[in-house]
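Data first, discussion second: the structure below is written as structure tokens.
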Amino acid sequence: MHGLMMEYPLTIDRIIDHANRLFTHKQIRTRQVDGRVHEYTYGDLYRRSRRLASALVKRGIKTGDRVATFAWNHYQHLEMYFGIPGAGAVCHTLNVRLSPRQLAYIASHAEDRIVFVDATVLPLFEPIARQLECVEQFVVVNAQNEGETSLPNVVHYEDFLTEGDEECEWRSTDEQMAMGLCYTSGTTGDPKGALYSHRSMYLHTLGANQAMALGLTENDVVMPVVPQFHAMAWGLPYACPLAGADVVMPGPDLRPSILADLIESYQITVAAGVPSIWNGLYHELKENRRDLSSLRALVVGGSAMPRALIEAYEQDLGVNVVHAWGMTELSPLGTVSRLHRQHLMLGKAERWDVKARQGVPLGGVELRIVGDAGTPLPWDGKTMGELQARGPWVIKSYFKHEPTPEHFTSDGWFRTGDVATMTSDGFLTITDRTKDLVKSGGEWISTVALEGELMAHDHVLEAAVIAVPDEKWSERPLAVVVPIQAGEVTEGELRDYLLKRFAKFEVPEKFIFVEELPKTSVGKFDKKLLRVRYAEKKLQSGEIHP
């Protein structure tokens, strides 16, 4: 039998309609460039999103057209998240931290017709604007005045909105329509696009709000520190309105002191960001205490949070850390790490071991680990294999690319490029990226494990480990370390420290001390650049800068 249920397309406009009906009074706050806080409601977001959708239609935007954003986390960017898909178009978030070459490539590959650009990042976009023959209109957001810009065909955001009609009909009528486009950071080769449908993002939103995932409710005040240009801010701009949670957008200034003030001032209950952000915040909070009693979950993803930092947050500050894992290709959430009932009897140290894992798959995500021959491996917590995923919000190909065996298996699984273990009760631990593993004398060495242990040292702020060529062993690990204060820790001390926890063959012979580690556009350590600099003999103590 079929046809028992009514046709009800799962489209993104239904999320903002729901928020407007039930939570029209709930607050969205944005910290602006000048430090002032803009406040308005879900009702305002709903009306302005409809006006934006109408203005786009009047400008000739058609179903499936790509409309780009080049912006920070703020209320106007939220309007774009609903208004662009509501116009039947695809919201393509451009990463403000990419190089001009990558930006030009991505915007051209996506064939963006309109680009919304924050005034603060105009200097980053102006040099490439003339290369983008596909772009017909630039819309400048948050300009303080009618200041000059070299961008052609410019209109200001508020003027653009006046062209729209908030009584318009949403044009997102089919859940299979595309609604979002995010490109990978392109650490290998050119960036590749992940295209999301209304259905996939709606289901992802339901997945994110599962009780054992982020579990947002109307009681929450959520601060997405993860940028809206990084994998759709992990879906939080959709999860919050569906749940009716208040939102605090931090804007462009992500200094630890400002984030700490926002948490205290607005009694944030859930904050989400990458480990490097939370590392900086921890040191700020340790020096200058704030009231963190409202914070029920510090969500961390993007890369592995060192266990020592999880312990420090929980032990020193009483903050509950929630580890998550995902990828752009997974829309992006795949797993969330929350303690299960059987963990509550464990001691603190064992509970932190559990929290340092990436967690269990959300309902809607299937995971497996496979060996070199592609055969599934056991979930015993020890056996390492290539991590693969499938589910309703996992892509089946890249935008404008046919699926290739490099990324997709013949039986429908996405190959993540991560190496992982799975415990018998389904807890995922990412041990490394395939390309970052060190194979020394035929034995695998996890750089993630070494980095986590190094960053647990009292005198180490950050550490990255890379594989370097070795005549005898083929490859050896090299540690690049940022000390908290220059000169307070030595190679010998770190080597002895690691030897207490690792086999001798796993411990690096060489440590390079630097002032700062280079980061990718999404805040991860840029190991590719470290490997290049090492090969060029430019990686020396004290000389590296981002």
Side-chain angles (χ1 to χ4, degrees), residues 275 303-312 349-350 352-354 356-358 369 371-372 377-378 380-387 418-423 429-484 486-514 517 524-525 527-528 530-535 537 539-542 544:
S303 56
M305 178 108 142
R307 181 195 176 284
L309 189 54
I310 295 174
E311 179 180 340
E350 292 156 306
W352 292 325
D353 289 340
V354 174
R357 301 171 188 160
Q358 277 65 50
I369 52 172
D372 291 341
L377 297 172
D380 58 11
K382 299 174 185 174
T383 306
M384 286 196 296
E386 180 197 8
L387 182 64
D418 281 324
V419 179
T421 63
M422 298 287 292
T423 61
T429 301
I430 303 290
T431 56
D432 229 324
R433 294 291 291 165
T434 308
K435 62 181 179 293
D436 289 335
L437 276 170
V438 181
K439 195 162 192 178
S440 183
E443 297 287 344
W444 290 111
I445 300 172
S446 168
T447 63
V448 170
L450 287 168
E451 289 162 359
E453 203 59 53
L454 283 168
M455 285 188 278
H457 193 283
D458 290 342
H459 299 306
V460 173
L461 181 65
E462 292 180 332
V465 177
I466 59 171
V468 297
D470 184 88
E471 284 188 17
K472 182 176 181 181
W473 302 110
S474 178
E475 288 182 338
R476 290 296 298 147
L478 168 73
V480 187
V481 175
V482 180
I484 291 176
E488 67 180 3
V489 65
T490 66
E491 276 194 43
E493 287 171 340
L494 290 181
R495 193 174 297 110
D496 290 344
Y497 171 76
L498 291 177
L499 282 169
K500 295 174 185 173
R501 295 158 181 83
F502 292 90
K504 188 176 180 181
F505 82 90
E506 294 177 294
V507 175
E509 286 86 19
K510 189 170 183 185
F511 294 76
I512 292 178
F513 294 96
V514 298
L517 283 172
K524 301 179 186 181
F525 298 143
K527 294 190 183 183
K528 180 184 176 186
L530 288 174
R531 286 191 287 264
V532 167
R533 287 184 172 167
Y534 179 84
K537 295 184 169 51
L539 190 52
Q540 297 174 21
S541 285
I544 196 156

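All values below were derived from every heavy atom in this structure, side-chain atoms included, with hydrogens, water molecules and symmetry-related copies excluded. Computed from a predicted structure; not experimentally measured.
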Query raised in the report: CD1/I430 to CZ/R357 distance, rounded to the nearest 0.5 angstrom?
Result: 13.0 Å

Report summary line: Tested for side-chain contact (heavy atoms from CB on, under 4.5 Å) against V465, the lone hit among V481, V480, L454 is L454

Query raised in the report: How close do V419 and M384 get, heavy atom to heavy atom, and via which atoms?
Result: CG1-CB, 4.0 Å

Report summary line: Smallest heavy-atom separation, L498 atom then P508 atom, equals CD1-CD, 3.9 Å

Query raised in the report: When rounded to the nearest 0.5 angstrom, what distance separates CG in L517 from CG in L530?
Result: 6.0 Å

Requested in this report: Let me see the working for V489 and F513 under side-chain contact (heavy atoms from CB on, under 4.5 Å), right down to the final yes or no.
Outcome: CA-CA 9 Å; V489 65; F513 294 96; 3.8 Å; yes

Query - Whether R495 side chain and E509 backbone form a donor-acceptor pair below 3.5 Å - result: yes

Query raised in the report: How close do R307 and A349 get, heavy atom to heavy atom, and via which atoms?
Result: NH2-O, 3.0 Å

**Report entry** Qualifying residue, where the test is side-chain contact (heavy atoms from CB on, under 4.5 Å) with T421 and the options are T431, L377, D380
**Finding:** T431

Query raised in the report: CD/E506 to CZ/R501 distance, rounded to the nearest 0.5 angstrom?
Result: 13.0 Å

Query raised in the report: Between P477 and I445, what is the shortest heavy-atom contact and its length?
Result: CD-CD1, 4.1 Å

Report summary line: Between M305 and I310 the two heavy atoms that sit nearest each other are CG-CG1, 3.6 Å

Report summary line: Here the pair of heavy atoms bringing I369 nearest to A420 is CG2-O, 3.8 Å

Query raised in the report: Distance from K528 atom NZ to I466 atom CD1, nearest 0.5 Å?
Result: 13.5 Å

Query raised in the report: Rounded to the nearest 0.5 Å, how far does CG of D458 lie from CD of E493?
Result: 11.0 Å

Query - Worked verdict on K510 versus V468 for side-chain contact (heavy atoms from CB on, under 4.5 Å) - result: CA-CA 10 Å; K510 189 170 183 185; V468 297; over 6 Å; no

Query raised in the report: L494 and V460: side-chain contact (heavy atoms from CB on, under 4.5 Å), yes or no, with the steps?
Result: CA-CA 9 Å; L494 290 181; V460 173; 4.0 Å; yes

Report summary line: So CG of D418 and CD of E386: to nearest 0.5 Å the spacing works out to 9.0 Å

Report task. Using the six-membered ring wherever Trp is involved, compare the ring planes of H459 and H457 and label them parallel, tilted or perpendicular (cut-offs 30° and 60°). Result -> tilted

Query raised in the report: Any sub-3.5 Å donor-acceptor pair from E462's side-chain atoms to V482's backbone N or O?
Result: no

